[in-house]
Amino acid sequence: MNSERTWWKNAVVYQVYPQSFDDSDGDGVGDIPGIIDRLDYLADLGVDVVWLNPVYESPHHDDGYDVRDYRAVRDEYGDIAEWERLLDGLHDRGIRLVMDFVPNHTSDEHPWFRASRTDPDGEYGDYYIWRPGDPATDATDTPGPADRAPPNDWQSYFGGPAWTWDATRGAYYLHLFDEHQPDLDWTNPDVREGIYDRMNWWLEKGIDGFRLDVVNLISKPEGLPDSDSDGDTTGLSQCVEGPRLDEYLAEMREATFGRYDAVAIGETPDITLEEARHHTGPDGPLDMVLHFEHMGLDSDDEDGWWSVREWDLTELKRVVDRWQTGLGDGWHGVYLGNHDQPRIVSRFGDDGGYRRESATMLATLLLTLRGTPFVHQGDELGMTNYPFEAREELADAGTLGRIDEAVAAGRIDGFDDAREIVRYRTRDNARTPMQWDATEHAGFTTGEPWLPVNPDHETVNVERERGDPDSVLAYYRRLVALRGETPALVSGEYEPVLPDDESAFAYRRTLDGDRLLVLLNFDDGETTVDLSLDGVTRLVGNYDAPADRTVLRPYEARLYRLQE
Ligand code: NOJ
C-alpha cells in the first residue's frame with residue numbers, strides 16, 4: 001500500500017451489477033449503454049467510485065465470474081468502444097472506475113483451459129490443477145471413471161465435489177466454485193504473467209483499480225491434502241491464505257497496479273483481522289480488503305448456507321468493534337450487502353412496516369464507519385428480498401447447485417423444501433433488476449427481464465423516491481455528501497459506546513477535536529439510552545428532532561456533533 005495515494009480512503013463506492021442495472025436494447029439483460037444512460041443518477045447520488053461487476057466475455061455460468069476472454073466485453077453488454085464511453089462518462093463526472101478481476105479461475109471455455117485439456121504436453125498443459133485421481137475404493141461413489149476417485153475430499157463452495165473428471169484429458173481438475181470455473185495453477189509463472197498482462201491491458205485503458213475476486217485463494221496448500229479435521233471440507237476454506245500468497249500478491253502489485261494510481265481491493269473470504277493488517281498495512285500489497293466476519297452471524301458453522309440462526313446485535317457490534325479498532329494502519333471496505341448476499345434491509349432491518357426507517361438506519365451505519373463504504377445498487381432505495389415461489393425464478397449457480405446437491409443426497413425432495421432458506425439467503429435477492437419506476441418492469445427493460453422484478457417496485461423505485469425528501473434515496477444522498485465533507489467519519493478514531501446494549505448501537509468518531517456520536521436503534525420498539533446528550537448538534541437523522549434525546553424510536557438513527 002502506498003500511503004500517499006489515498007483517494008480511495010475518502011471515497012464512497014457504488015456497486016453496479018451490469019446484468020441488472022439498466023437494459024438499453026430490450027433484450028432483458030442490462031448493458032453498458034444502459035449504465036451510461038444513468039450516469040447522472042450516480043453523479044447526483046454523489047458517489048466517488050463505481051465498482052463494476054465482471055463485464056468480460058463469459059458463458060455466464062456464474063454471472064461473469066467465469067471469464068472466457070479477459071480482454072473483451074460480453075456481447076450482451078456491448079463492446080469495448082461502449083465500455084470506453086462509460087469510462088469517459090464516469091471520469092467526466094469525477095467518478096472513478098474499479099473493474100472486477102477474477103485471478104483465481106477462468107471459464108472452462110477459456111482458450112487456456114481448452115488447450116490444457118486437449119494437449120497436456122503443450123504450452124497450456126500446466127495452467128490448471130490437474131490430478132490423475134486415486135484408485136477408487138468405492139466405485140459407485142466416484143464422479144469420475146469407476147476406478148479413479150477424486151484426489152482429495154474437498155467440496156466446491158457451490159455444492160458437490162471440488163473436482164470434476166475431464167474425459168478428454170483423462171484427469172480431474174480442481175474448481176473451488178462451479179465445475180465451469182477451473183482454478184488456475186498459480187505456481188506456474190506463465191499463468192501469473194498471463195494474468196498480469198490482462199490486468200495491465202485494463203490499467204492501460206485508464207481504469208482506477210481492481211476489485212480482486214477471491215484473491216486470498218490463489219495459492220493452494222502444498223500437496224493438496226484432505227481437509228482439516230474441523231469438519232469444514234470446502235476447498236475454499238482449505239485454500240485461504242496459502243503458503244505462497246504473500247509472494248504472489250507482492251509480485252502482482254509490482255507487475256500491475258503498483259505502477260499506476262490504482263486501488264487494489266481484495267475480496268478475501270475467511271480473512272482474519274491479523275491477515276488483513278498484514279496485507280493492507282504500510283508494506284502490504286493491497287490497499288484494502290473486504291472481510292466476511294459479519295456475513296456469518298446468521299448461520300451456524302455446521303449447516304452453513306442451509307441454516308438460519310437468529311443474529312444478535314451484540315455479536316454484530318463485537319465484530320464491527322474489533323475491525324474498527326484493530327486494523328491499525330490497515331484499511332478495509334465496509335459493506336452490509338452486495339451481489340452475493342441478501343438485501344440488507346431484509347437481513348438486518350425490517351422490510352415490512354419499518355422499511356424506510358431501518359434502511360436509513362443501516363445507511364447510517366454503513367456511511368459512518370471507518371473504512372471505505374460500499375453501497376450495492378438498489379440498497380440506496382431500500383430494495384428488499386424477492387418472494388421466490390419457484391425454482392424457475394432463480395438463476396444463481398450457487399443456489400441451484402446447493403439445491404441439486406441436497407436433492408441428490410436425499411436431504412430434500414425439491415425446491416419446495418428449500419423455499420424458505422432460498423428466500424432468506426439466495427444471492428438472486430440482490431440481483432433482481434434495479435427499480436427505476438413503477439411501470440411493469442420497473443423501467444429496467446422493455447423486454448422480459450432475465451430475473452424477475454420485485455413486485456414492490458411499485459412503491460420502491462427511483463422516480464418516486466427522487467421526489468420525496470424523506471425517502472431512503474434522499475437520505476443516502478445526504479449522508480454521502482456529509483461523509484465527503486467530514487474527515488472524522490472517514491478516518492477518525494472509532495470508540496464503542498454501550499457495547500452490551502442489545503438494541504442500541506452507539507459509537508464515537510473523533511478526529512482533531514471533531515467529535516461525533518452515532519446512535520442507532522436496531523429494535524422495532526423504543527429504546528432508551530443511558531447517555532448524557534446535552535449540548536449536542538444533530539447533523540443528520542431519520543426522524544424529526546426528538547422530544548427526548550435519550551429515547552430512540554423504532555430503527556431511529558442520529559448523528560451528533562459533540563461539543564468541544
Ligand atoms: C466471489 C464473487 O463475488 C462471487 O459472485 C463469485 O461467485 C465467486 N467469487 C467466484 O468467482
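Numbering of ligands and ligand atoms starts at 1, following listing order. Being a predicted model, the structure only gives us computed values, none of them experimental. If you read the sequence from its start, that first residue is 1, and numbering goes on from there.
- Two rings, from F113 and Y127, have their centers 6.0 Å or more apart.
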Are any protein N/O atoms closer than 3.5 Å to the N/O atoms of ligand 1? If there are, list each pair with names and the distance to one decimal place.
unit_1	atom_1	unit_2	atom_2	d
ligand 1	3 (O)	R211	NH2	2.9
ligand 1	3 (O)	H339	NE2	2.8
ligand 1	3 (O)	D340	OD2	2.4
ligand 1	5 (O)	H339	NE2	3.1
ligand 1	5 (O)	D340	OD1	2.7
ligand 1	5 (O)	D340	OD2	3.4
ligand 1	5 (O)	R427	NH1	3.3
ligand 1	7 (O)	D62	OD1	3.3
ligand 1	7 (O)	D62	OD2	2.6
ligand 1	7 (O)	R427	NH1	3.0
ligand 1	9 (N)	D213	OD1	2.9
ligand 1	9 (N)	D213	OD2	3.2
ligand 1	11 (O)	H105	NE2	2.9
ligand 1	11 (O)	D213	OD2	2.7

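- In the model, D287 has no side-chain atom that pairs as donor or acceptor with a side-chain atom of W331 under 3.5 Å.
- Side chain of S219 to backbone of R244: a donor-acceptor contact under 3.5 angstrom is found.
- Remark: Y14 pairs with no residue by the ring pair (Phe, Tyr, Trp, His ring centres under 6.0 Å) rule, at least two apart or across chains.
- Under the rule for a ring pair (Phe, Tyr, Trp, His ring centres under 6.0 Å), H457 has no partner lying at least two apart in sequence or in another chain.
- The ring pair (Phe, Tyr, Trp, His ring centres under 6.0 Å) test applied to W83 returns W202, not counting sequence neighbours.
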